Amino acid sequence: MGGVGKTQLAAAHARYAWENGEVDLLVWVTAASREAVIDAYAQAAADILHADPADPERAATAFLAWLEPKPTPQAPRWLIVLDDVADPGDLRGLWPPAQRGRTLVTTRRRDAARIAHGRPVPVGLFTPTEATTYLRQALASRERRDNTADLAALAEDLGHLPLALSQAAAYLDDTHLDTAGYRVRLADRARQLADLLPESGSLPDDQPTTVAAAWSLSLERADQLRPTGLGRPMLQLASMLDPNGIPHAVLTSEPALTHLATHRTAQHCGSPAQQPPVVTVEQTTGVLHALHRLSLIDHSPNEPHRAVRIHHLVQRAIRDPLTPDQYDQLARTAADALTNAWPEVERDTDLARLLRANTNALTKFAEGSLHRPDAHTVLTRVGKSLGEAGQVSAAVQHFRHLTSTTAHHLGPDHPSTLAARHNLASWRGRAGDPAGATAAYTTLLEDRVRVLGPNHPHTLDTRQNLAYYQGETGDLAGATAAYVTLLQDYLRVLGPDHPDTLTTRHNLAYYQGQAGDPAGATAAYTALLEDRVRVLGPNHPHTLDTRHNLADWQGQAGDRAGAAAAYATLLLDRVRVLGPDHPDTLTTRHNLAYYQGQAGDPAGAAAALAALLQDRVRVLGPDHPDTLTTRHNLVDWQGQAGDPAGAAAALAALLQDRVRVLGPDHPDTLTTRHNLAYYQGQAGDPAGAAAAYATLLLDRVRVLGPDHPDTLTTRHNLADLGREERRPEHGDLRPWTEIN
């Protein structure tokens with residue numbers, strides 16, 4: 001790419017060869033065009049052969065003929081440097097002969113190697129150590145002694161690009177600014193890159209151009225390569241995304257194709273009155289290849305998730321000339337492309353991770369743009385993806401930040417701000433703070449009623465989640481009553497077949513079972529399943545969720561063998577619809593194993609959970625809450641199979657991980673403490689178990705309240721060490737409606 005120091009390397013090589021007597025003739029050609037090469041050859045012919053420079057073509061031909069090897073030993077040794085070849089086609093018929101002399105070519109064109117008769121030498125960026133050393137030495141020559149850590153950080157900020165490092169050192173010397181202060185200016189997106197570099201007349205080492213302008217020639221050439229006119233708009237789109245890897249699906253999405261067609265460089269898109277021609281995925285791949293040939297990007301078609309990498313200073317040079325309106329439009333186009341490429345079901349965890357990284361990069365570049373005129377849906381999508389990947393605490397932090405920024409940009413009563421608060425409360429609950437979620441939803445409900453009215457769907461959504469977390473705090477009767485009232489309002493406002501109405505029925509059935517009526521829950525889920533199949537179809541994820549919970553309550557009502565059979569059938573459908581690695585598929589495997597053990601096969605349950613644990617570690621990672629739950633239940637079944645001491649040791653190790661990942665007060669952490677105490681007693685230490693239960697009881701009262709079912713279970717076990725606590729993992733305990 002431009003700025004890595006190709007010309008300086010070539011100059012150093014040529015100077016060494018000349019000063020050490022290795023060549024008799026040295027010719028330096030600035031080879032930006034065919035005409036420039038011919039003129040340089042003609043000048044050499046005039047100097048050496050006294051050819052007539054008025055006829056450059058004839059003189060250049062004479063010079064090349066003179067370079068041909070001669071039979072005499074006095075034939076000169078020569079080195080010709082063709083610097084900065086823009087188009088290999090410009091050298092057709094102008095390549096010097098190979099014998100007796102050497103030709104050194106510098107170019108940004110990766111395809112030049114296919115034409116030249118030599119060996120390509122790729123020139124990359126400095127390593128971090130090289131970059132830091134360069135800055136230290138460059139500043140030391142100006143009698144400056146900057147902090148090494150600050151220099152290393154600045155080298156990272158500049159992407160280890162030699163040209164940028166050189167010009168930054170000159171700027172620091174000119175302005176007498178310290179390194180830390182320069183980094184602050186560099187991070188200020190309101191400043192142009194050109195304003196943070198020396199003026200063109202003060203560039204070091206006779207450099208002809210600043211970093212900000214280093215790629216302008218390549219950019220112009222990119223628009224001329226086929227497919228014409230698409231290089232600049234593609235680079236503009238890439239300039240808003242993650243420099244370390246942009247998925248191919250984002251750059252070939254429908255919003256990306258529309259952007260390319262609309263912003264095709266003017267001279268290549270016909271009359272302004274004409275509709276811009278449609279851009280195809282094939283053309284998009286073609287322009288990525290063209291940009292790769294010019295070293296403006298790295299395009300790796302065989303790595304579709306990281307198809308494009310681009311230096312972040314190239315990105316900045318592309319973004320800087322944009323007007324504020326262009327900047328906003330481009331940012332939202334990039335957000336549209338990310339949203340379009342984001343699968344509803346994240347089967348591919350690597351793709352999801354890279355989509356999150358690209359959204360984070362876009363937010364860093366253009367957070368304000370993503371709030372004009374409202375908060376873009378991609379800001380919610382990335383938080384949801386974090387949570388579904390098991391990074392629940394990160395999801396909470398994301399929505400807390402989103403709530404703050406949305407309130408700042410749009411005001412506290414804007415629907416986008418209220419939606420961010422809704423999602424923040426939701427993920428607080430999933431992170432193990434149902435009381436905090438309940439309090440947040442209570443406050444949010446007042447504001448939504450005031451701003452949107454009592455019958456607005458978003459107001460009803462808030463009531464839905466408030467009822468759910470009311471139940472999670474232990475108030476099962478209050479949650480059930482709230483759902484009964486809410487269901488009446490959903491029927492009145494949205495009708496019986498609206499998906500949110502069906503979700504309310506789903507959650508009402510759940511709390512009906514939690515309140516001690518598993519048979520009633522089973523009947524309610526059976527009726528709901530018929531309606532979800534009719535309204536949503538048999539393969540809709542919500543339909544599958546209802547089948548999941550129906551099987552669970554069937555088992556809790558006493559039909560454990562029937563529950564295991566229902567889960568086995570559901571598992572086949574989830575694999576078919578969602579894929580074998582989808583989190584809901586893994587959850588169904590988990591519950592199938594649970595009821596397999598409940599039906600009298602603890603060894604089979606342990607074996608199934610051991611296999612599931614390997615898959616959850618592979619798909620979700622070792623610290624995902626679902627992975628930790630599988631470890632918990634695997635230990636439980638192993639303990640039931642006759643090894644209470646081993647179970648206690650494994651639970652002690654699991655407890656450390658749950659405290660580290662979820663925190664000491666998370667309900668799952670408390671559950672592990674409960675079962676650890678249980679197996680401690682089973683292993684022959686009833687006094688230790690009693691002490692552990694007593695301490696746990698105080699924490700459960702503090703965290704969950706004295707009347708929470710889990711608190712009551714601990715009180716029971718403290719009195720009777722013969723009872724265990726073991727919960728199946730439920731698949732659809734999600735009452736919230738996703739709000740953008």
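Since the structure is predicted, the reported quantities are computational estimates derived from the model, not experimental observations. In what follows, every heavy atom counts, from backbone to side chain, and hydrogens, waters and symmetry copies are set aside.
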* Aromatic contact, Phe399 with His422 (centres under 6.0 Å) -> no

* Structure fact -> Given the options Gln236, Arg232, Gln329, His263 meets side chain to side chain donor-acceptor pair (under 3.5 Å) only with Gln329

* Gln470 side chain to Asp475 side chain, donor-acceptor N/O pair below 3.5 angstrom -> yes

* Asked: Is the closest side-chain heavy-atom distance between Val382 and Trp342 below 4.5 Å?
  -> yes

* Taking all atoms of both residues into account, what is the closest heavy-atom pair of Tyr469 and Gly429, and its distance? -> CE2-CA, 3.3 Å

* Asked: Do any N or O atoms from the side chain of Asn423 and from the backbone of Ala419 form a donor-acceptor pair under 3.5 angstrom?
  -> yes

* Would Arg421 and Thr403 count as having a side-chain donor-acceptor pair, cut-off 3.5 Å? -> no

* Under 3.5 Å, is there a donor-acceptor pair between the side chain of Thr711 and the main chain of Gly705? -> yes

* Does Tyr171 reach the side chain of Arg185, with side-chain heavy atoms less than 4.5 Å apart? -> yes

* Without swapping roles, check the side chain of Thr252 against the backbone of His248 for a donor-acceptor pair under 3.5 Å. => yes

* Could you state the interatomic distance from CZ (Arg505) to CG (Leu528), rounded to the nearest 0.5 Å? -> 5.0 Å

* Asked: Atom CG of Leu322 and atom OH of Tyr327: how far apart are they, to the nearest 0.5 Å?
  -> 8.0 Å

* Asked: Can you find a heavy atom in the side chain of Leu186 that is under 4.5 Å from one in the side chain of Leu158?
  -> yes

* **Gap separating the CZ atom of Arg381 from the CD atom of Glu388, nearest 0.5 angstrom** => 6.0 Å

* Establish, from distance only, whether the side-chain atoms of His312 and Asp157 form a donor-acceptor pair under 3.5 Å. => no

* Could you check Met234 against Leu260 for side chain to side chain contact (heavy atoms under 4.5 Å, CB included), going step by step and ending with a plain yes or no? => CA-CA 7 Å; Met234 176 57 81; Leu260 294 176; 3.7 Å; yes

* Quick one: does Asn360's side chain get under 4.5 Å of Asp242's, heavy atoms only? -> no

* Minimum heavy-atom distance between Asp497 and Leu502, given as atom pair plus value -> O-CD1, 4.2 Å

* **Whether Thr543 side chain and Asn539 backbone form a donor-acceptor pair below 3.5 Å** => no

* To do: Work out which heavy atom in Pro247 is nearest to a heavy atom in Asn358; give both atom names and the distance.
  => CD-ND2, 3.4 Å

* Is there a side-chain hydrogen bond (donor to acceptor under 3.5 Å, both in side chains) between Arg616 and Thr587 once you walk through the steps? -> CA-CA 10 Å; Arg616 277 191 156 162; Thr587 296; 3.2 Å; yes

* Side chain Asp223, main chain Gly231, donor-acceptor under 3.5 Å -> yes

* To do: Decide yes or no for Thr363 and His398: does some side-chain heavy atom of the first lie under 4.5 Å from some side-chain heavy atom of the second?
  => no

* Mind checking whether Asn244 and Arg309 have side chains closer than 4.5 Å, heavy atoms only? -> no

* In sequence, state the C-alpha distance, the side-chain angles, and the governing distance for Thr480 and Gln514, and then conclude on side chain to side chain contact (heavy atoms under 4.5 Å, CB included). => CA-CA 9 Å; Thr480 302; Gln514 288 287 84; over 6 Å; no

* **Heavy-atom closest contact (Gly474 atom, His708 atom, distance)** => N-CD2, 3.3 Å

* Checking His506 side chain against Asn549 main chain: does a donor-acceptor pair fall under 3.5 Å? -> no

* **Evaluation steps, salt bridge (charged side-chain N to carboxylate O under 4.0 Å, His left out), between Glu472 and Arg430** => CA-CA 10 Å; Glu472 287 295 283; Arg430 294 190 74 174; over 6 Å; no

* His259 pairs by side chain to side chain contact (heavy atoms under 4.5 Å, CB included) with which of Val279, Leu251, Thr333? -> Thr333

* To do: Answer whether the closest heavy-atom distance between the side chains of Asp545 and Asp584 falls below 4.5 Å.
  => yes

* Step by step, work out the side chain to side chain contact (heavy atoms under 4.5 Å, CB included) result for Leu418 and Leu444. => CA-CA 7 Å; Leu418 300 179; Leu444 175 62; 4.0 Å; yes

* Asked: Residues two or more places apart in sequence or in another chain: which of them pass side-chain contact (heavy atoms from CB on, under 4.5 Å) with Arg400?
  -> Val396, Gln397, Leu424, Arg428

* Structure fact -> Smallest heavy-atom separation, Pro625 atom then Val392 atom, equals CG-CG2, 4.3 Å

* **Under 3.5 Å: donor-acceptor pair, side chain of Tyr441, backbone of Ser426** => yes

* To do: Hey, can you tell me if Tyr511 and Tyr483 have their rings parallel, tilted or perpendicular (30° and 60° cut-offs)?
  => parallel

* To do: State whether a side-chain donor-acceptor pair under 3.5 Å links Asn507 with Tyr468.
  => no

* **CD on Gln488 to CG on Leu486, rounded to 0.5 Å** => 9.5 Å

* Which pairs, with at least one residue in residues 364-375 and sequence neighbours excluded, count as a side-chain hydrogen bond (donor to acceptor under 3.5 Å, both in side chains)? -> Asp328-Ser369, Asp328-Arg372, Arg332-Asp374, Glu367-His401, His371-Thr406

* Asked: Are the side chain of Gln315 and the backbone N or O of Ile310 linked by a donor-acceptor pair below 3.5 Å?
  -> no

* Asked: When rounded to the nearest 0.5 angstrom, what is the spacing between CG in Leu544 and CG in Leu578?
  -> 6.0 Å

* Candidate pair Arg463 and Asp489, rule salt bridge (charged side-chain N to carboxylate O under 4.0 Å, His left out), full reasoning -> CA-CA 11 Å; Arg463 288 176 57 191; Asp489 289 335; 2.7 Å; yes

* Before giving the answer on side chain to side chain contact (heavy atoms under 4.5 Å, CB included), spell out for Thr417 and His409 the whole-Å C-alpha distance, their side-chain angles and the decisive distance to 0.1 Å. => CA-CA 9 Å; Thr417 306; His409 288 289; over 6 Å; no

* Please lay out, stage by stage, how Asp350 and Arg353 fare under the test salt bridge (charged side-chain N to carboxylate O under 4.0 Å, His left out). => CA-CA 5 Å; Asp350 286 339; Arg353 178 171 51 82; 3.4 Å; yes

* Asked: Got Leu154 and Leu172 here, is their nearest side-chain heavy-atom distance under 4.5 Å?
  -> yes

* Could you give the distance from CD1 (Ile318) to CZ (Arg316), rounded to the nearest 0.5 Å? -> 13.5 Å

* To do: Looking only at non-hydrogen atoms, find the nearest pair between Ser239 and Arg319 and report the distance.
  => O-NH1, 2.7 Å

